[in-house]
Every structure is written in structure tokens, then in C-alpha cells.
Trainee: 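This is the structure I want to talk about, given as C-alpha cells.
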Amino acid sequence: MYSLIKVGTVTNAERARYVLRNNGINAYVTRIKNPAKGDGCGYAVKVLSENVNRAIALIDNERIYVRGVDEA
């Protein structure tokens, strides 16, 4: 099972992917289908659900705003 960590912009998604991969978490940039108003430009980082809590902590440490998490 995968989780989508919503970060809003493609720039933040790329930054988040870079941080996660450097810390041993496979991550992929993806576009959210039909993003809500609060989802910004609609970009997210896709990670295994078992890694989502660690991934969010790493992203937060880089001061990248997490807009929410959805199951993929």
C-alpha cells in the first residue's frame, strides 16, 4: 500500500523526493488527480505506507509544508 504526501508544488515535491531518497526511502513525485483547493498545484510524493511517518518527519525537518496525506 502506498501513501501520497501532499506538498503542493512541483518544486517542493522534488525537494522532498531528494531528501527522502538520501535517507533510504524510495519516493516518487506524482500529480494528484482532481486536487482540492487546499492542495496547491496538486503535487505529492508517493511512498510506501509503512514509511509515511518517518517520511513526514524528514520532510518537516526540511521546512517543506505538508498539506495532507492520502492513501494511493
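All residue numbers refer to positions in the sequence shown, counting from 1.
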Trainee: Do you reckon Val29 sits in the same ILVMFWY cluster as Val66, going by side-chain contacts under 4.5 Å, direct or chained?
Mentor: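 No, Val29 and Val66 fall in different hydrophobic clusters.
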Trainee: I'd like to know if the side chain of Arg17 reaches the main chain of Val45, judged simply by a donor and an acceptor atom lying under 3.5 Å from each other, with no hydrogens or angles considered.
Mentor: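 No: the side chain of Arg17 does not pair with the backbone of Val45.
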Trainee: Looking at OG1 of Thr30 and CD1 of Ile5, how far apart are the two atoms once the value is rounded to the nearest 0.5 Å?
Mentor: 12.5 Å
Trainee: Please confirm whether the backbone N or O of Cys41 pairs with a side-chain atom of Arg31, one donor and one acceptor, at under 3.5 Å?
Mentor: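 Flag set: sc Arg31 to bb Cys41 pair under 3.5 Å.
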Trainee: Looking at CG of Leu48 and CE of Met1, how far apart are the two atoms once the value is rounded to the nearest 0.5 Å?
Mentor: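 It comes to 11.0 Å.
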Trainee: Residues two or more places apart in sequence or in another chain: which of them pass side-chain contact (heavy atoms from CB on, under 4.5 Å) with Arg67?
Mentor: Lys6, Tyr65
Trainee: Which atom names give the shortest non-hydrogen contact between Glu71 and Tyr2, and what distance separates them?
Mentor: OE1-O, 3.2 Å
Trainee: Looking only at atom types and distance, does a side-chain atom of Asp39 sit under 3.5 Å from a main-chain N or O of Ala36, one as donor and one as acceptor?
Mentor: yes
Trainee: Donor-acceptor check, side chain of Arg54 to backbone of Ile25, threshold 3.5 angstrom: yes or no?
Mentor: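 Flag not set: sc Arg54 to bb Ile25 has no pair under 3.5 Å.
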Trainee: In this structure, would Ile64 and Leu4 fall into the same cluster of hydrophobic residues linked by side-chain contacts under 4.5 Å?
Mentor: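 Ile64 and Leu4: separate clusters.
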Trainee: Do Val47 and Ile32 share a hydrophobic cluster, counting only Ile, Leu, Val, Met, Phe, Trp and Tyr and linking them when any side-chain heavy atoms are less than 4.5 Å apart?
Mentor: no
Trainee: Would you say Leu20 ends up clustered with Ile56 if hydrophobic residues are merged whenever their side chains have heavy atoms under 4.5 Å apart, either directly or through other cluster members?
Mentor: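 Yes; Leu20 is reachable from Ile56 via cluster members.
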Trainee: Of all the heavy-atom pairs spanning Ala44 and Ala13, show the shortest one and how long it is.
Mentor: O-CB, 4.2 Å
Trainee: Is Val7 reachable from Val19 through a run of hydrophobic residues whose side-chain heavy atoms are each under 4.5 Å from the next?
Mentor: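 Same cluster.
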